[in-house]
Amino acid sequence: MYEILKAQMLAENIYLMDVKAPRVAGSCLPGQFVIVKIDEKGERVPLTICDYDRTEGTVTIVFQIVGGSTARMSKLKAGDAFRDFVGPLGQPSELCKEPIDELKKKKILFVAGGVGTAPVYPQVKWLKENGVDADVIVGAKTQSLLILEDEMKAVAGNLYITTDDGSYVRKGMVTEVIKDLVKEQGHKYDVCIAIGPMIMMKFVCLLTKELDLPTVVSLNPIMVDGTGMCGACRVTVDGEVKFACVDGPEFDGHKVDFDQAMKRQQLYKTEEGRAYLKETEGDTHKGNCGNA
Amino acid sequence: MTHIRATAATLNGKEGLLIMETDVLKRIPISEQDPKARACNFDEVCLGYNEEEAVAEASRCLNCKNARCIQGCPVSIDIPAFVHEVSVKNFEKANSILSDASSLPAVCGRVCPQESQCEGQCIRGIKGDPVSIGKLERFVADWARENNIKPAPPTVKIDKKVAVIGSGPAGLTCAGELAKMGYDVTIFEALHEPGGVLVYGIPEFRLPKSAVVAKEIDNVRALGVKIETNVIIGKSTTIDELMEKESFDAVFIGSGAGLPRFMGIPGESANGVFSANEYLTRSNLMKAFDDDYDTPIRPGKKVAVVGGGNVAMDAARTALRLGADVTVVYRRSEAELPARVEEVHHAKEEGIKFNLLTNPTEILVDENGWVKGMKCVKMELGEPDESGRRSPVVIEGSEFEMELDTVIMSLGTSPNPLISSTTKGLEVNKRKCIVAEEEFGKTSKEGVFAGGDAVTGAATVILAMGAGKAAAHGIDDFLKSR
């Protein structure tokens, strides 16, 4: 069992938890993810690592309710535990592999959307700890869904917030902020790292391609084991099939087939929806031998 | 079914002797769930022998002096000895003979390809049916479990630590053997349940998980083996760290062959195309077939399973039980199907269709990205290839389409490079299999041994067990010589 040391609601349907998992905390790096499973009957839920503390042996996760298992996870409190917590999975962010002196010469722009702010945070923090200031754009639907604002402010160079409905700071999509910074204000960036909903990453990539700005995205596709066993997470990058769990989760955003990736995310929409309905409304369906 | 029971029951009656004399060439039939009923449930297909049946079948054994069956067994079970104990109803003794050689008899009795191993060598098989060694092994193991017989914990303790990576057949066997010798053994398992392919791959209806697999694993634990789940060697920690920081004296790698293969044809990333690994893992490990579990599965209505091995049969029969109309698509003919004859027979009985000498060339995809069909060509058999099997050749102009909503690719698996790529000095071959000496599983790295599918590529449960057992002796020699 993996004990929860802290549980906090960040925004509607978005939760943060610190979990005791010494093996993961001891070996993880920004960009990697974990898989958590609430109990015997829960799903294996992949979540990008949001933060970690090697001395305390804890890993911070942030998740949004999307189905039955995440709905049940949201009810856990400090003192409760996950049955399973495994990782770190996937490749660490490319940034972690570059020599620090090289990184210090670079201007880096992060673009975070919604719950994607969580996986952006450890990368910005890691850079800050290594003496690199990165600019960060955070987009949220509305002010109440904005997460980790103070935390991000503490580690980012410049922080630009935008909301779809204009309820906080400015109105508009993250792409408009990128345009503003690069085209209007003349900021020059060497690399952009975009993490958020698939549709956001797609449009960020379309824009940065136009701006000739290399862009890395972090994909969170459907997966089961997270070690390359099931192949559910396959994604086409530069015409080649890759497994996001072992080859990724980060890829060159200009080469990802987003349309296919978005279709693949729909795969279990009805099944996941059913699990969620069962969680909220009780046992409303029965399946047996195709005669449901 | 009732008929079979009645025949067997008479064996102990007055007519028993007569039947035994006239039918000694035939094996005692095994009772099975009716195909129509079992096509709609996940309960075990084979019901096993009852006591009378087992005793009668065991009495067919000729108790050969030079027992060829033992040579056919990768873990060298003393088959005539245990079968003899069954024939005299000394089941406890039979069990202890089995346990001496095998850590997983209830599993082997169910999934070993006996027809090409022990039973394939049986002298009885020359003029009639070979003795049903597998079904007898299963009977004894089930009897021991039902009578709560546990293996005795080791009497000696050796103060040396061995790490076993992977809790599938190779790892469990290696760990069990080492624990019996007295070593301090810890198994590291990447998934959340121990068992490897026994829990994620082989379906419930062939190998019950909580009733059989979990109990066999409990027996390995009873020998003193510790199992740590959710540890991915190569990620959570590495072999070098285990040896340097956690002071393990030796390591056995039994990480299997978990990576699925795809064909590389157009449309393969469409929604509705699954690897057999994914489909089976969702159903077996995650129990998606059971409504109480959160993990979803998309069973499909019209399903094609591409491939002809045991995994293909498992995927096809799982899809059938989830309500689909299922066709197995295989590029060679029935004679070349790599699956066990029994599995093919069961699949046919249950209503699985076979489209043989057929090869897919493209998955057809609708405008929303979902599978709507599969383009195939017919094949004919040409000259034999390196494997000795006649290789399939495309028949020109034979292209046709199948209407489908789901395609399950079951084309074999290869070893995961996670461990080999993170362990200094561990040699792999061009197929990414770990290079290990066959006799004792020694690898290119000192103190590190390997066996099972991680070394051979996808093979059988029993071959992996044989390799695990051999490596345990290799590790014992290595640690004693230091």
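To find a chain, count down the sequence lines: A is the first, B the second, and so on, and within it residues start at 1. All values below were derived from every heavy atom in this structure, side-chain atoms included, with hydrogens, water molecules and symmetry-related copies excluded.
- A:Gln32 places a side-chain N or O within donor-acceptor distance of the main-chain N or O of A:Gly90, the cut-off being under 3.5 Å.
- For a residue to count as touching a neighbouring chain, one of its non-hydrogen atoms must lie under 4.5 Å from one of that chain's; by this rule B:Thr281 touches chain A with the side chain only.
- Contact annotation for A:Phe85: only backbone heavy atoms (N, CA, C, O) come within less than 4.5 Å of a heavy atom of chain B.
- In this structure a side-chain-to-backbone donor-acceptor pair under 3.5 Å is present from B:Thr422 to B:Ile419.
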Stepwise salt bridge (Lys or Arg N to Asp or Glu O under 4.0 Å) check, B:Asp294 with A:Lys41: CA-CA 6 Å; B:Asp294 288 350; A:Lys41 291 178 178 171; over 6 Å; no

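- Only the backbone of B:Asn368 comes within contact range of chain A, with at least one heavy atom under 4.5 Å from a heavy atom of that chain.
- Taking the charged nitrogens against the carboxylate oxygens, B:Glu246 and A:Arg23 do have a contact shorter than 4.0 Å, which makes a salt bridge.
- Note on A:Gly228, A:Gly26, A:Cys28, A:Gly231: by heavy-atom pairs under 4.5 Å with chain B, the leading option is A:Gly228.
- A donor-acceptor pair under 3.5 Å links the side-chain atoms of B:Ser410 to the main chain of B:Ala312, judged by distance alone.
- The pair B:Lys372-B:Glu367 fails the salt-bridge criterion, with no side-chain N (NZ, NE, NH1 or NH2) lying under 4.0 Å from an Asp/Glu carboxylate O.
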Audit row: B:Lys424, B:Glu244, salt bridge (Lys or Arg N to Asp or Glu O under 4.0 Å) steps and yes/no: CA-CA 13 Å; B:Lys424 281 176 235 146; B:Glu244 285 156 26; 5.1 Å; no

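- With a threshold of 4.5 angstrom between heavy atoms, B:Ala270 approaches chain A through N, CA, C or O but not through any side-chain atom.
- From B:Thr229, atom OG1 reaches atom CD of B:Glu193 across 7.5 Å, with rounding to the nearest 0.5 Å.
- A salt bridge is defined here as a Lys NZ or Arg NE, NH1 or NH2 lying under 4.0 Å from an Asp or Glu carboxylate O, and B:Arg321 with B:Glu350 meets this definition.
- At a 4.5 Å heavy-atom cutoff, the contact between B:Tyr200 and chain A is made by side-chain atoms alone.
- Proximity to chain A is limited to the side chain of B:Phe262, based on heavy atoms less than 4.5 angstrom apart.
- Chosen from B:Leu418, B:Leu191, B:Thr237, the residue pairing most often with chain A at heavy-atom distances under 4.5 Å is B:Leu191.
- At a 4.5 Å heavy-atom cutoff, the contact between A:Arg264 and chain B is made by backbone and side-chain atoms alike.
- Ranked by non-hydrogen atom pairs under 4.5 Å with chain A, the options B:Gly369, B:Pro260, B:Ser275 are led by B:Pro260.
- The part of B:Glu228 that comes within reach of chain A is its side chain, from C-beta onward, which places non-hydrogen atoms under 4.5 angstrom from that chain.
- At a 4.5 Å heavy-atom cutoff, the contact between A:Val224 and chain B is made by side-chain atoms alone.
- Panel note: side chain B:Glu362, backbone B:Gly267; no donor-acceptor pair is recorded below 3.5 Å.
- Here B:Val273 is the residue among B:Thr413, B:Asp290, B:Val273, B:Thr238 with the most heavy-atom pairs under 4.5 Å with chain A.
- Contact of A:Thr236 with chain B is made through the side chain alone, with heavy-atom distances under 4.5 Å.
- Interface check for chain B: of the options A:Leu89, A:Asp225, A:Val241, A:Val86, the most heavy-atom pairs under 4.5 Å are formed by A:Val86.
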